[in-house]
Amino acid sequence: MSTSAANIRLCLDLAFTQSVDESRRWILSAMDRHGPGMVTMLWRILGNEHDVCDAYQQTFLNLAHYQQAGKVRPKNVQAYVFRTAANTAISILRRKQRRRQHLDTMAETKPLQQDVEPCDDLDAKLLQDKLRAAIAKLPNYLRDVVVLRDLAELSYEQVSNILGISAATARVYRSKAITLLAAIMAARSKVTE
Amino acid sequence: MISSRMKKQCKKLRASLVKKTIGKLSSTLWLQNHIAACPRCRMRIARVARVDFALTLLKSQPHSSDLPARANISAINVLKHSLRESPKADKLRQIESAGAWRQKCGAHIIPLAKTAACLAVILIIKLGVLSSMDNFCKQGSSAVEHYYARHLGQEYADEIFSA
Ligand SMILES: [Zn+2]
(Lines give C-alpha, C1' and ligand atoms only; values in the text may rest on other atoms or scores of the structure.)
Protein backbone atom coordinates (compact mmCIF):
# COMPACT_ATOMS: atom_id res chain seq x y z
CA MET A 1 0.00 0.00 0.00
CA SER A 2 1.37 3.39 -0.95
CA THR A 3 2.08 5.99 1.71
CA SER A 4 -0.61 8.32 0.40
CA ALA A 5 -3.26 5.54 0.50
CA ALA A 6 -2.24 4.72 4.08
CA ASN A 7 -2.53 8.38 5.02
CA ILE A 8 -5.99 8.65 3.52
CA ARG A 9 -7.09 5.56 5.44
CA LEU A 10 -5.66 6.98 8.65
CA CYS A 11 -7.53 10.22 8.05
CA LEU A 12 -10.78 8.35 7.42
CA ASP A 13 -10.29 6.26 10.59
CA LEU A 14 -9.62 9.41 12.55
CA ALA A 15 -12.69 11.12 11.13
CA PHE A 16 -14.83 8.08 12.01
CA THR A 17 -13.45 7.96 15.56
CA GLN A 18 -14.11 11.67 15.97
CA SER A 19 -17.71 11.31 14.78
CA VAL A 20 -18.24 8.41 17.23
CA ASP A 21 -16.72 10.56 19.94
CA GLU A 22 -19.04 13.41 19.05
CA SER A 23 -22.15 11.25 19.23
CA ARG A 24 -21.18 9.77 22.60
CA ARG A 25 -19.44 12.68 24.21
CA TRP A 26 -22.64 13.66 26.01
CA ILE A 27 -22.13 10.60 28.26
CA LEU A 28 -18.89 12.13 29.56
CA SER A 29 -20.56 15.52 29.82
CA ALA A 30 -23.29 13.91 31.93
CA MET A 31 -20.60 12.39 34.14
CA ASP A 32 -18.89 15.75 34.46
CA ARG A 33 -22.09 17.60 35.26
CA HIS A 34 -23.98 15.14 37.46
CA GLY A 35 -21.21 12.81 38.68
CA PRO A 36 -20.28 14.61 41.93
CA GLY A 37 -23.93 14.93 42.96
CA MET A 38 -24.55 11.28 42.17
CA VAL A 39 -21.53 10.16 44.20
CA THR A 40 -22.78 12.17 47.18
CA MET A 41 -26.26 10.66 46.91
CA LEU A 42 -24.93 7.12 46.46
CA TRP A 43 -22.56 7.48 49.40
CA ARG A 44 -25.43 8.54 51.63
CA ILE A 45 -27.67 5.70 50.48
CA LEU A 46 -25.02 3.01 50.67
CA GLY A 47 -22.38 4.15 53.17
CA ASN A 48 -19.80 1.97 51.44
CA GLU A 49 -17.35 3.30 48.85
CA HIS A 50 -16.99 0.04 46.95
CA ASP A 51 -20.77 -0.16 46.54
CA VAL A 52 -20.84 3.50 45.46
CA CYS A 53 -18.40 2.74 42.62
CA ASP A 54 -20.45 -0.31 41.59
CA ALA A 55 -23.74 1.61 41.46
CA TYR A 56 -22.10 4.53 39.66
CA GLN A 57 -20.51 2.24 37.07
CA GLN A 58 -23.80 0.40 36.52
CA THR A 59 -25.60 3.70 35.94
CA PHE A 60 -23.23 4.79 33.19
CA LEU A 61 -23.19 1.32 31.69
CA ASN A 62 -26.99 1.55 31.44
CA LEU A 63 -26.63 4.98 29.88
CA ALA A 64 -24.18 3.64 27.27
CA HIS A 65 -26.53 0.72 26.53
CA TYR A 66 -29.40 3.16 26.19
CA GLN A 67 -27.62 4.57 23.17
CA GLN A 68 -26.69 1.18 21.80
CA ALA A 69 -30.34 0.13 22.00
CA GLY A 70 -31.02 2.50 19.12
CA LYS A 71 -32.26 5.40 21.17
CA VAL A 72 -30.18 8.53 20.88
CA ARG A 73 -30.17 9.68 24.49
CA PRO A 74 -32.65 10.13 27.34
CA LYS A 75 -34.76 13.27 27.07
CA ASN A 76 -33.80 14.28 30.57
CA VAL A 77 -30.29 12.99 31.27
CA GLN A 78 -30.25 14.25 34.87
CA ALA A 79 -33.51 12.43 35.60
CA TYR A 80 -32.20 9.26 33.99
CA VAL A 81 -28.86 9.14 35.81
CA PHE A 82 -30.22 10.10 39.24
CA ARG A 83 -33.14 7.67 39.10
CA THR A 84 -31.01 4.83 37.73
CA ALA A 85 -28.31 5.45 40.33
CA ALA A 86 -30.85 5.60 43.19
CA ASN A 87 -32.63 2.44 42.03
CA THR A 88 -29.35 0.57 41.62
CA ALA A 89 -28.23 1.67 45.08
CA ILE A 90 -31.50 0.59 46.70
CA SER A 91 -31.21 -2.81 44.97
CA ILE A 92 -27.70 -3.22 46.40
CA LEU A 93 -28.96 -2.18 49.84
CA ARG A 94 -31.88 -4.62 49.72
CA ARG A 95 -29.64 -7.45 48.49
CA LYS A 96 -27.25 -6.85 51.39
CA GLN A 97 -30.12 -6.78 53.89
CA ARG A 98 -31.51 -10.06 52.52
CA ARG A 99 -28.06 -11.65 52.74
CA ARG A 100 -27.69 -10.47 56.32
CA GLN A 101 -31.13 -11.84 57.24
CA HIS A 102 -30.29 -15.11 55.54
CA LEU A 103 -27.03 -15.43 57.47
CA ASP A 104 -28.87 -14.68 60.70
CA THR A 105 -31.37 -17.42 59.90
CA MET A 106 -28.61 -19.86 58.95
CA ALA A 107 -26.79 -19.20 62.19
CA GLU A 108 -30.11 -19.37 64.04
CA THR A 109 -29.16 -16.25 65.87
CA LYS A 110 -31.58 -13.84 67.36
CA PRO A 111 -30.87 -10.14 67.40
CA LEU A 112 -28.87 -9.24 70.44
CA GLN A 113 -31.04 -8.11 73.27
CA GLN A 114 -30.43 -4.43 73.54
CA ASP A 115 -30.52 -2.53 76.72
CA VAL A 116 -33.21 0.09 76.83
CA GLU A 117 -30.53 2.56 77.72
CA PRO A 118 -31.52 5.78 75.96
CA CYS A 119 -28.03 6.35 74.60
CA ASP A 120 -28.58 3.45 72.19
CA ASP A 121 -30.34 5.91 69.95
CA LEU A 122 -27.25 8.05 70.00
CA ASP A 123 -25.16 5.33 68.38
CA ALA A 124 -24.59 7.16 65.11
CA LYS A 125 -23.72 4.11 63.05
CA LEU A 126 -26.70 2.11 64.28
CA LEU A 127 -29.08 4.99 63.68
CA GLN A 128 -27.81 5.51 60.13
CA ASP A 129 -28.13 1.80 59.36
CA LYS A 130 -31.68 1.85 60.68
CA LEU A 131 -32.51 4.82 58.50
CA ARG A 132 -31.00 3.19 55.40
CA ALA A 133 -32.98 0.02 56.06
CA ALA A 134 -36.16 2.06 56.52
CA ILE A 135 -35.56 4.01 53.29
CA ALA A 136 -35.20 0.72 51.42
CA LYS A 137 -38.63 -0.27 52.74
CA LEU A 138 -40.46 2.84 51.54
CA PRO A 139 -42.81 2.58 48.55
CA ASN A 140 -40.94 3.69 45.41
CA TYR A 141 -42.81 6.96 44.88
CA LEU A 142 -42.03 8.16 48.42
CA ARG A 143 -38.51 6.80 48.43
CA ASP A 144 -37.59 8.62 45.22
CA VAL A 145 -38.57 11.95 46.75
CA VAL A 146 -36.75 11.47 50.04
CA VAL A 147 -33.61 10.21 48.27
CA LEU A 148 -33.50 13.08 45.77
CA ARG A 149 -34.55 15.79 48.19
CA ASP A 150 -32.77 14.77 51.38
CA LEU A 151 -29.82 12.66 50.26
CA ALA A 152 -29.01 14.27 46.90
CA GLU A 153 -30.07 17.67 48.31
CA LEU A 154 -31.80 18.72 45.11
CA SER A 155 -34.36 21.50 45.19
CA TYR A 156 -38.07 20.64 45.06
CA GLU A 157 -38.09 22.07 41.54
CA GLN A 158 -35.32 19.71 40.46
CA VAL A 159 -37.00 16.78 42.23
CA SER A 160 -40.30 17.52 40.52
CA ASN A 161 -38.55 17.83 37.18
CA ILE A 162 -36.77 14.50 37.62
CA LEU A 163 -39.84 12.62 38.81
CA GLY A 164 -42.33 14.32 36.52
CA ILE A 165 -44.56 15.51 39.36
CA SER A 166 -45.38 18.98 40.64
CA ALA A 167 -43.23 20.59 43.33
CA ALA A 168 -46.28 20.65 45.63
CA THR A 169 -46.77 16.90 45.20
CA ALA A 170 -43.08 16.37 45.89
CA ARG A 171 -43.48 18.26 49.19
CA VAL A 172 -46.50 16.17 50.18
CA TYR A 173 -44.69 12.93 49.30
CA ARG A 174 -41.67 14.06 51.31
CA SER A 175 -43.82 14.66 54.40
CA LYS A 176 -45.50 11.29 54.00
CA ALA A 177 -42.11 9.65 53.57
CA ILE A 178 -40.78 11.16 56.81
CA THR A 179 -43.87 10.08 58.75
CA LEU A 180 -43.57 6.57 57.34
CA LEU A 181 -39.83 6.42 58.03
CA ALA A 182 -40.55 7.43 61.63
CA ALA A 183 -43.08 4.62 61.94
CA ILE A 184 -40.82 2.01 60.29
CA MET A 185 -37.89 2.96 62.50
CA ALA A 186 -40.06 2.87 65.61
CA ALA A 187 -41.37 -0.58 64.67
CA ARG A 188 -37.83 -1.87 64.08
CA SER A 189 -36.72 -0.53 67.46
CA LYS A 190 -39.53 -2.38 69.20
CA VAL A 191 -38.43 -5.63 67.54
CA THR A 192 -34.82 -5.25 68.61
CA GLU A 193 -35.54 -4.11 72.11
CA MET B 1 -60.78 11.99 78.33
CA ILE B 2 -59.07 14.26 75.82
CA SER B 3 -60.64 17.71 75.56
CA SER B 4 -61.55 19.19 72.18
CA ARG B 5 -58.97 21.94 72.77
CA MET B 6 -56.32 19.34 73.29
CA LYS B 7 -57.41 17.53 70.12
CA LYS B 8 -57.19 20.79 68.17
CA GLN B 9 -53.69 21.35 69.47
CA CYS B 10 -52.72 17.80 68.50
CA LYS B 11 -53.98 18.47 65.00
CA LYS B 12 -52.13 21.78 64.84
CA LEU B 13 -48.92 20.17 65.99
CA ARG B 14 -49.31 17.32 63.49
CA ALA B 15 -49.76 19.86 60.70
CA SER B 16 -46.69 21.80 61.83
CA LEU B 17 -44.68 18.60 61.90
CA VAL B 18 -45.66 17.87 58.31
CA LYS B 19 -44.89 21.38 57.09
CA LYS B 20 -41.73 22.14 59.02
CA THR B 21 -38.70 20.29 60.23
CA ILE B 22 -38.39 19.68 63.95
CA GLY B 23 -35.75 22.37 64.27
CA LYS B 24 -38.08 24.93 62.73
CA LEU B 25 -41.05 24.21 65.00
CA SER B 26 -41.76 27.32 66.98
CA SER B 27 -41.36 26.85 70.69
CA THR B 28 -44.42 28.84 71.68
CA LEU B 29 -45.92 28.43 75.12
CA TRP B 30 -48.95 26.47 73.92
CA LEU B 31 -46.65 24.08 72.10
CA GLN B 32 -44.43 23.57 75.14
CA ASN B 33 -47.43 23.04 77.40
CA HIS B 34 -49.05 20.71 74.94
CA ILE B 35 -45.93 18.59 74.52
CA ALA B 36 -45.59 18.35 78.27
CA ALA B 37 -49.20 17.20 78.62
CA CYS B 38 -49.70 15.01 75.55
CA PRO B 39 -47.84 11.68 75.42
CA ARG B 40 -49.00 10.97 71.85
CA CYS B 41 -47.48 14.19 70.52
CA ARG B 42 -44.33 13.60 72.53
CA MET B 43 -44.00 10.24 70.83
CA ARG B 44 -44.81 11.77 67.45
CA ILE B 45 -42.14 14.46 67.84
CA ALA B 46 -39.63 11.96 69.13
CA ARG B 47 -40.08 9.70 66.12
CA VAL B 48 -39.79 12.49 63.55
CA ALA B 49 -36.83 14.01 65.43
CA ARG B 50 -35.11 10.67 65.21
CA VAL B 51 -35.53 10.57 61.42
CA ASP B 52 -34.37 14.20 61.16
CA PHE B 53 -31.32 13.45 63.24
CA ALA B 54 -30.48 10.28 61.30
CA LEU B 55 -30.79 12.17 58.00
CA THR B 56 -28.49 14.91 59.25
CA LEU B 57 -26.01 12.32 60.45
CA LEU B 58 -26.01 10.66 57.01
CA LYS B 59 -25.37 14.02 55.38
CA SER B 60 -22.53 14.89 57.70
CA GLN B 61 -20.49 11.74 57.08
CA PRO B 62 -17.63 12.48 54.69
CA HIS B 63 -16.43 10.01 52.08
CA SER B 64 -12.80 9.92 50.99
CA SER B 65 -11.82 12.86 48.85
CA ASP B 66 -10.80 10.67 45.92
CA LEU B 67 -14.12 8.81 45.72
CA PRO B 68 -15.53 10.90 42.82
CA ALA B 69 -12.35 10.21 40.82
CA ARG B 70 -12.45 6.49 41.63
CA ALA B 71 -16.11 6.32 40.68
CA ASN B 72 -15.35 8.04 37.38
CA ILE B 73 -12.46 5.67 36.68
CA SER B 74 -14.66 2.62 37.25
CA ALA B 75 -17.42 4.03 35.04
CA ILE B 76 -15.09 5.16 32.24
CA ASN B 77 -13.51 1.68 32.19
CA VAL B 78 -16.75 0.17 30.89
CA LEU B 79 -17.28 2.73 28.13
CA LYS B 80 -16.20 2.42 24.50
CA HIS B 81 -12.51 2.76 23.68
CA SER B 82 -12.99 6.06 21.86
CA LEU B 83 -14.53 7.60 24.99
CA ARG B 84 -12.01 6.05 27.35
CA GLU B 85 -9.14 7.63 25.43
CA SER B 86 -10.64 11.10 25.09
CA PRO B 87 -9.09 14.12 26.88
CA LYS B 88 -12.39 14.68 28.70
CA ALA B 89 -12.15 11.18 30.20
CA ASP B 90 -8.65 12.00 31.42
CA LYS B 91 -9.95 15.09 33.12
CA LEU B 92 -12.76 13.12 34.78
CA ARG B 93 -10.31 10.51 36.08
CA GLN B 94 -8.43 13.24 37.90
CA ILE B 95 -11.40 15.11 39.28
CA GLU B 96 -10.69 16.74 42.61
CA SER B 97 -13.66 17.47 44.81
CA ALA B 98 -12.20 17.49 48.29
CA GLY B 99 -12.75 21.19 48.90
CA ALA B 100 -16.33 21.28 47.69
CA TRP B 101 -17.19 18.11 49.54
CA ARG B 102 -15.75 19.32 52.83
CA GLN B 103 -17.69 22.53 52.43
CA LYS B 104 -20.91 20.61 51.84
CA CYS B 105 -20.32 18.41 54.88
CA GLY B 106 -19.36 21.35 57.03
CA ALA B 107 -22.67 22.97 56.21
CA HIS B 108 -24.36 20.14 58.11
CA ILE B 109 -22.40 20.51 61.33
CA ILE B 110 -24.50 23.33 62.76
CA PRO B 111 -27.83 21.77 61.71
CA LEU B 112 -26.49 18.59 63.26
CA ALA B 113 -25.94 20.39 66.55
CA LYS B 114 -29.44 21.84 66.35
CA THR B 115 -31.01 18.52 65.48
CA ALA B 116 -29.07 16.94 68.27
CA ALA B 117 -30.98 19.06 70.74
CA CYS B 118 -34.22 17.69 69.25
CA LEU B 119 -33.02 14.19 69.84
CA ALA B 120 -33.16 15.04 73.49
CA VAL B 121 -36.92 14.57 73.24
CA ILE B 122 -36.39 10.91 72.51
CA LEU B 123 -34.07 10.61 75.46
CA ILE B 124 -36.48 12.18 77.87
CA ILE B 125 -39.39 10.09 76.66
CA LYS B 126 -37.37 6.94 77.13
CA LEU B 127 -36.29 8.06 80.55
CA GLY B 128 -39.85 9.02 81.40
CA VAL B 129 -38.76 11.97 83.46
CA LEU B 130 -40.33 14.81 81.55
CA SER B 131 -41.45 17.16 84.26
CA SER B 132 -40.97 20.46 82.51
CA MET B 133 -39.50 21.87 79.33
CA ASP B 134 -36.60 23.38 81.30
CA ASN B 135 -35.74 20.04 82.75
CA PHE B 136 -36.00 18.45 79.33
CA CYS B 137 -33.70 20.98 77.70
CA LYS B 138 -31.08 20.72 80.40
CA GLN B 139 -30.94 16.93 80.44
CA GLY B 140 -31.21 16.60 76.68
CA SER B 141 -28.44 19.04 75.92
CA SER B 142 -26.02 17.57 78.42
CA ALA B 143 -26.66 14.04 77.15
CA VAL B 144 -26.11 15.09 73.56
CA GLU B 145 -23.01 17.08 74.48
CA HIS B 146 -21.72 14.02 76.30
CA TYR B 147 -22.36 12.00 73.14
CA TYR B 148 -20.30 14.36 71.00
CA ALA B 149 -17.55 14.49 73.57
CA ARG B 150 -17.42 10.69 73.61
CA HIS B 151 -17.50 10.24 69.84
CA LEU B 152 -15.79 13.31 68.46
CA GLY B 153 -13.66 14.58 71.31
CA GLN B 154 -14.27 17.19 73.98
CA GLU B 155 -12.75 20.00 71.93
CA TYR B 156 -15.17 19.42 69.04
CA ALA B 157 -18.13 19.08 71.40
CA ASP B 158 -17.22 22.37 73.11
CA GLU B 159 -17.04 24.05 69.72
CA ILE B 160 -20.50 22.82 68.70
CA PHE B 161 -22.25 23.59 71.96
CA SER B 162 -20.69 26.93 72.58
CA ALA B 163 -21.94 28.07 69.12
ZN1 LIG C 1 -51.10 16.04 71.22
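Labels below follow one simple rule: chain letters A, B, ... track the order of the sequence lines, proteins then strands, and each chain is numbered from 1.
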Trainee: A/R132 versus chain B, heavy atoms under 4.5 Å apart: side chain, backbone, both or neither?
Mentor: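 Contact with chain B involves the side chain of A/R132 alone.
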Trainee: Evaluate the criterion side-chain contact (heavy atoms from CB on, under 4.5 Å) for residue pair A/M31 and B/I76; output intermediate values, then yes/no.
Mentor: CA-CA 9 Å; A/M31 199 180 286; B/I76 289 167; 3.8 Å; yes
Trainee: Tell me whether A/V77 shares a hydrophobic cluster with B/L92, the cluster being built from Ile, Leu, Val, Met, Phe, Trp, Tyr side chains joined at under 4.5 Å.
Mentor: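 Linked, A/V77 and B/L92 end up in one cluster.
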Trainee: Provide the closest heavy-atom pair for A/C53 versus B/S74 in the form atom of the first, atom of the second, distance.
Mentor: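 In terms of heavy atoms, the two residues are closest at O-OG, 3.6 Å.
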Trainee: Are A/L180 and A/I178 joined in one hydrophobic group, where the rule is that I, L, V, M, F, W and Y side chains link up if heavy atoms are under 4.5 Å apart?
Mentor: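 A/L180 and A/I178: one cluster.
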Trainee: Indicate the atoms forming the closest heavy-atom contact of B/L58 with A/R44, along with that distance.
Mentor: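 Taking B/L58 first and A/R44 second, the nearest heavy atoms are CD1-O, 3.6 Å.
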Trainee: Using a cut-off of 6.0 Å, state whether more than 12 heavy atoms not belonging to B/R40 lie near its atom CZ.
Mentor: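 No - once you tally the heavy atoms of other residues, nucleotides and ligands closer than 6.0 Å, there are 12 at most.
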Trainee: Closest heavy-atom contact between A/W43 and B/Q61?
Mentor: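 Smallest heavy-atom distance, with atoms named: NE1-O, 2.9 Å.
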Trainee: For the CZ atom of A/F60 and the CG atom of B/L83, what is their distance to the nearest 0.5 Å?
Mentor: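 So the CZ of A/F60 and the CG of B/L83 are separated by 11.5 Å.
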Trainee: Is there a donor-acceptor pair closer than 3.5 Å between any side-chain N or O of A/E49 and the backbone N or O of B/S64?
Mentor: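 Judged by distance alone, yes, a pair lies under 3.5 Å.
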Trainee: Does any heavy atom of chain B fall under 4.5 Å from the side chain of A/L42, the backbone, both, or neither of them?
Mentor: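 Answer is neither: A/L42 stays 4.5 Å or more from chain B.
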Trainee: If you apply the rule side-chain contact (heavy atoms from CB on, under 4.5 Å), what do you find for B/K88 with A/D32, and how did you get there?
Mentor: CA-CA 9 Å; B/K88 188 150 189 144; A/D32 191 21; 3.9 Å; yes
Trainee: With hydrophobic residues grouped by side-chain heavy-atom distances under 4.5 Å, do A/F82 and A/I165 end up in a single group?
Mentor: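 Linked within one cluster.
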Trainee: Specify the closest pair of heavy atoms between A/P36 and B/I95, including all atoms of both residues, with the distance to one decimal.
Mentor: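 Smallest heavy-atom distance, with atoms named: CG-CD1, 4.2 Å.
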Trainee: What's the spacing between A/Q128 CD and B/S60 OG if we round to 0.5 Å?
Mentor: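 It is 6.5 Å, given to the nearest 0.5 Å.
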Trainee: For A/T59, which atoms come within 4.5 Å of any heavy atom of chain B: side chain, backbone, both, or neither?
Mentor: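 Neither part.
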Trainee: Check A/L127 against B/A54 and note the closest heavy-atom contact, atom names and distance.
Mentor: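 It is CG-CB, 3.8 Å.
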Trainee: Give the minimum heavy-atom separation between A/L28 and B/S86, together with the two atoms involved.
Mentor: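 Heavy atoms of A/L28 and B/S86 come nearest at CD1-OG, 3.2 Å.
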Trainee: Under a 4.5 Å cutoff for heavy-atom pairs, which residue among B/L79, B/L67, B/V78 has the most contacts with chain A?
Mentor: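 Top count of heavy-atom pairs under 4.5 Å with chain A: B/L67.
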Trainee: Examine whether an atom of B/L55 lies under 4.5 Å from a heavy atom of chain A, and if so say whether it belongs to the side chain, the backbone or both; otherwise answer neither.
Mentor: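 Both backbone and side chain.
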Trainee: Do A/L163 and A/I90 share a hydrophobic cluster, counting only Ile, Leu, Val, Met, Phe, Trp and Tyr and linking them when any side-chain heavy atoms are less than 4.5 Å apart?
Mentor: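 They do share one cluster, since a chain of ILVMFWY contacts under 4.5 Å joins A/L163 to A/I90.
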Trainee: Nearest 0.5 Å please: distance from the CZ atom of B/R44 over to the OG1 atom of A/T179.
Mentor: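 Interatomic distance, B/R44 CZ to A/T179 OG1, rounded to 0.5 Å: 10.0 Å.
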Trainee: Just so I understand: if I count every heavy-atom pair under 4.5 Å between each of A/L131, A/I45, A/D54, A/V172 and chain B, which residue has the most?
Mentor: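 Looking at each option in turn, the highest pair count goes to A/L131.
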Trainee: Under 4.5 Å between side-chain heavy atoms, counting indirect links through other Ile/Leu/Val/Met/Phe/Trp/Tyr residues: same cluster for A/L46 and B/I73 or not?
Mentor: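 No; B/I73 is not reachable from A/L46 via cluster members.
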Trainee: Considering residues, nucleotides and ligands other than B/R84, do more than 12 of their heavy atoms fall under 6.0 Å from its CZ?
Mentor: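 For B/R84, atom CZ is crowded (more than 12 foreign heavy atoms under 6.0 Å).
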